[in-house]
Amino acid sequence: MKKLLILLIALSLMSCTTNPFAKKKEAATNSPGSETKQGQTQKTGQIGEEAPKPGDIKILDGVEYIYARNKRWMYTPYEPEYMWIRKDQYSPGFGENLLTRGKSKEQKDLETRLAKIEEEMKKKGLPPQMAYPSQMAYLPPGMGYMSPMPLITFNYPSPKMKRRVIVLPVTDQTNYKDEQLGELATKRLVSRLENSGTIICVDPNTVNLKGNLTDRQTLKALNETYGIQAVLKGSLADVFTSTSKIEGKDERETSFAVSKIVIDLYNTDTGIIMKQLSGRNPVFLSREKGELSSEKAKIKAVDLSIEIIADDLLKGILSLDWHARIASIENDKIYINAGRLSGLEKGGTIEVYSPGEEIIDPKTNVPLGKTKGSYKGDLEVIELFGVDASWARIKKGTNFSATDLVYLKPQESTATQGSYLKPSETATQGSPTKKPETPRKK
């Protein structure tokens, strides 16, 4: 009997001691303060480990990023719907400003969170963030990009003809010289230009010219002798990688990389730099997982850096007019150093001009380019042969020589552009071409 009473007393004591603690624990977990702590840990987990949500904010190397809608997602297939955008470059879309009168709840919450982060950064003594050029933050649309809004078109000279370009080896200024990233960037740049269908990349080793190819006199020789319109000289630098692995969630390592490529575009007609382009890839788009993720991320970073400046580079090259040269004359056959690869067609008409004079701005002492020389006549392309050569027959004119330059006839070059010429010009297309006046050399 005593044993039974002792057992009942022990059970009652256990029930009295365990249940209150359990209730206190449940109450503690259901308290408002604990909910905020759980919410904070959950949000940080979402940003750092799981898929982020629109409006999430993270700080990388002291720079604030916002996970917001990508403005180019509706236009380009390969663009993600949401992306990390620098806070100093974030702005609501044009449609959002029109459709929403006043600020939405999400926008107010986002501004509140931004204000809190700014206060925290001020307390920590972090300096204010500087805005980088926009081309470092976004990927431009590709060559096949078509916007639903009307675009201001630019009519390139001789649009059917491919431009000849020399791509010099990209200088490797990175800390990974053993991995030959400069050679990789050169091959990727050549492939990107040739895949556009508008560029012919000429191997610099096939050019029989000594010395520096970016020298002013050498550039002019490339233009007159080989019909090369541009020379590209680039450098690759600031290549960095970051590799991490989340234990317990993913056994594969994740790597990111960033790279910067700078391209100088030389105009061989003037012998000077036409423009300089610089591209740095967004870090989050270079993400790679698994084996060799670091090497794969570097390659992707180089490709993205080239893609960022590809459109501007192509526009600059295509703005240069196309021309070729008379290689030799044998009886009634006139051989041209351009053919099928350049875009010439059998039966097409080309104009012949003597070499023109270089015009220099007297105030800036900068060459503006060369004018066309005296007009000599027209040639008709009879046959295309070899890789990129042709021969033509005289259609009009005399006194042709091997130093003369040939250009695509205006009617031929604008045939694919629809109503490119003005009404006054279309009415006089059939009339013979007049000899242009040669400007005086200043």
What's the verdict on side chain to side chain contact (heavy atoms under 4.5 Å, CB included) for Arg164 and Asn337, showing C-alpha distance, side-chain angles and the deciding distance?
CA-CA 12 Å; Arg164 293 184 182 181; Asn337 66 344; 4.3 Å; yes
Return the NZ to OG1 distance between Lys220 and Thr270, rounded to the nearest 0.5 Å.
8.5 Å
To the nearest 0.5 Å, tell me how far Ile166 CD1 sits from Asn205 CG.
9.5 Å
Thr371 and Ile359, any side-chain heavy atoms less than 4.5 Å apart:
yes
Looking only at heavy atoms, which two atoms of Ala338 and Ser342 are closest? And how far apart?
CB-OG, 3.8 Å
With sequence neighbours excluded, tell me which residues meet ring-ring contact (aromatic ring centres under 6.0 Å, His included) with Tyr407.
His323, Tyr353
Determine whether Leu368 and Ile360 satisfy the following criterion, side chain to side chain contact (heavy atoms under 4.5 Å, CB included), listing intermediate values before the conclusion.
CA-CA 6 Å; Leu368 303 178; Ile360 298 177; over 6 Å; no
Closest non-hydrogen atom pair, Ile308 against Gly279
CG2-CA, 4.2 Å
Those residues that, when tested against Asp321, pass salt bridge (Lys or Arg N to Asp or Glu O under 4.0 Å) (two or more places apart)
none
Arg216 side chain reached by Pro367 side chain, heavy atoms, under 4.5 Å:
yes
Results of side-chain contact (heavy atoms from CB on, under 4.5 Å) for Lys187 - residues two or more places apart only
Glu183
With heavy-atom distances below 4.5 Å as the criterion, would you say the side chains of Ser286 and Val258 are in contact?
no
Side chain to side chain contact (heavy atoms under 4.5 Å, CB included) between Thr254 and Arg287, intermediate numbers included
CA-CA 7 Å; Thr254 303; Arg287 181 178 180 180; 3.7 Å; yes
Could you check if a side-chain atom of Asp264 sits within less than 4.5 angstrom of a side-chain atom of Thr214, using non-hydrogen atoms only?
no
Using only atom types and a distance under 3.5 Å, with no angle test, would you say the side chain of Thr186 pairs donor to acceptor with the backbone of Pro169?
no
Just verifying a value: how many Å separate Leu209 CG and Asp215 CG, rounded to the nearest 0.5 Å?
10.5 Å
Who pairs with Glu295 by side-chain contact (heavy atoms from CB on, under 4.5 Å), at least two apart in sequence or on another chain?
Leu292
With sequence neighbours left out, the residues meeting salt bridge (Lys or Arg N to Asp or Glu O under 4.0 Å) with Glu383 are none
Side-chain ion pair, Lys162 and Asp388, N-O less than 4.0 Å:
no
Which residues pass the salt bridge (Lys or Arg N to Asp or Glu O under 4.0 Å) test with Arg163, sequence neighbours left out?
none
Output the distance between atom OG1 (Thr268) and atom CE (Met274), rounded to the nearest 0.5 Å.
10.5 Å
Within 6.0 angstrom of Lys363 NZ, more than 12 heavy atoms from elsewhere:
no
Within the 3.5 Å criterion, strictly below it, is a donor on Ser293 or Glu253 matched to an acceptor on the partner's side chain?
yes
Side chain to side chain, Arg188 and Ile299, heavy atoms closer than 4.5 Å:
yes
Contact check, side chains of Val302 and Ile261, non-hydrogen atoms, under 4.5 Å:
no
If you round to the nearest 0.5 Å, how far is CG of Leu213 from CG of Leu168?
5.5 Å
Result of checking Asp404, Ile336, Leu405, Thr403 against Arg325 for side-chain contact (heavy atoms from CB on, under 4.5 Å):
Leu405
CA sep, side-chain torsions, deciding dist, call: Leu320, Asp269, side chain to side chain contact (heavy atoms under 4.5 Å, CB included):
CA-CA 9 Å; Leu320 303 174; Asp269 188 25; over 6 Å; no
Any ring-ring contact (aromatic ring centres under 6.0 Å, His included) pairs touching residues 196-223, not counting sequence neighbours?
none
Please find the pair of heavy atoms, one from Ala297 and one from Ser255, that lie closest to each other, and give the distance.
CB-O, 4.0 Å
Under the side-chain contact (heavy atoms from CB on, under 4.5 Å) test, residues paired with Thr241 that sit two or more places apart
Tyr176, Ala257, Ser294, Lys298
Close side-chain approach of Leu344 to Leu408, heavy-atom, < 4.5 Å:
yes
Among residues at least two apart in sequence or on other chains, which ones pass salt bridge (Lys or Arg N to Asp or Glu O under 4.0 Å) with Asp172?
none
Residues in side chain to side chain donor-acceptor pair (under 3.5 Å) with Thr171, at least two apart?
none
Side-chain touch Val165/Val231, heavy atoms, less than 4.5 angstrom
no
Side-chain donor/acceptor of Gln229 to backbone N/O of Gly227, under 3.5 Å
yes
Minimum heavy-atom distance Ser259-Leu236, with the two atoms named:
CB-CD1, 4.2 Å
Mind jotting down which residue pairs meet the ring-ring contact (aromatic ring centres under 6.0 Å, His included) criterion with at least one end in residues 180-236? Sequence neighbours excluded, please.
none
Step through the shown structure and confirm whether more than 12 heavy atoms of other residues, nucleotides or ligands are within 6.0 Å of NZ on Lys233.
no
To check you understand the geometry: which heavy-atom pair defines the closest contact between Ala392 and Leu379, and what is its length?
CB-CB, 3.8 Å
I'd like to know if Arg192 pairs up with Glu307 as an ion pair, taking the criterion as any Lys NZ or Arg NE/NH1/NH2 lying under 4.0 Å from an Asp or Glu carboxylate oxygen.
yes
With sequence neighbours left out, write down each residue that passes side-chain contact (heavy atoms from CB on, under 4.5 Å) with Val366, or none if nothing qualifies.
Ile272, Thr364
Flag yes if more than 12 heavy atoms outside Asn208 fall under 6.0 Å of its CG atom; otherwise flag no.
no
CD1 of Ile309 to CG of Leu314, rounded to nearest 0.5 Å, is 10.0 Å
Where do Ser390 and Leu384 come nearest, in terms of heavy atoms and distance?
CB-CD2, 3.7 Å
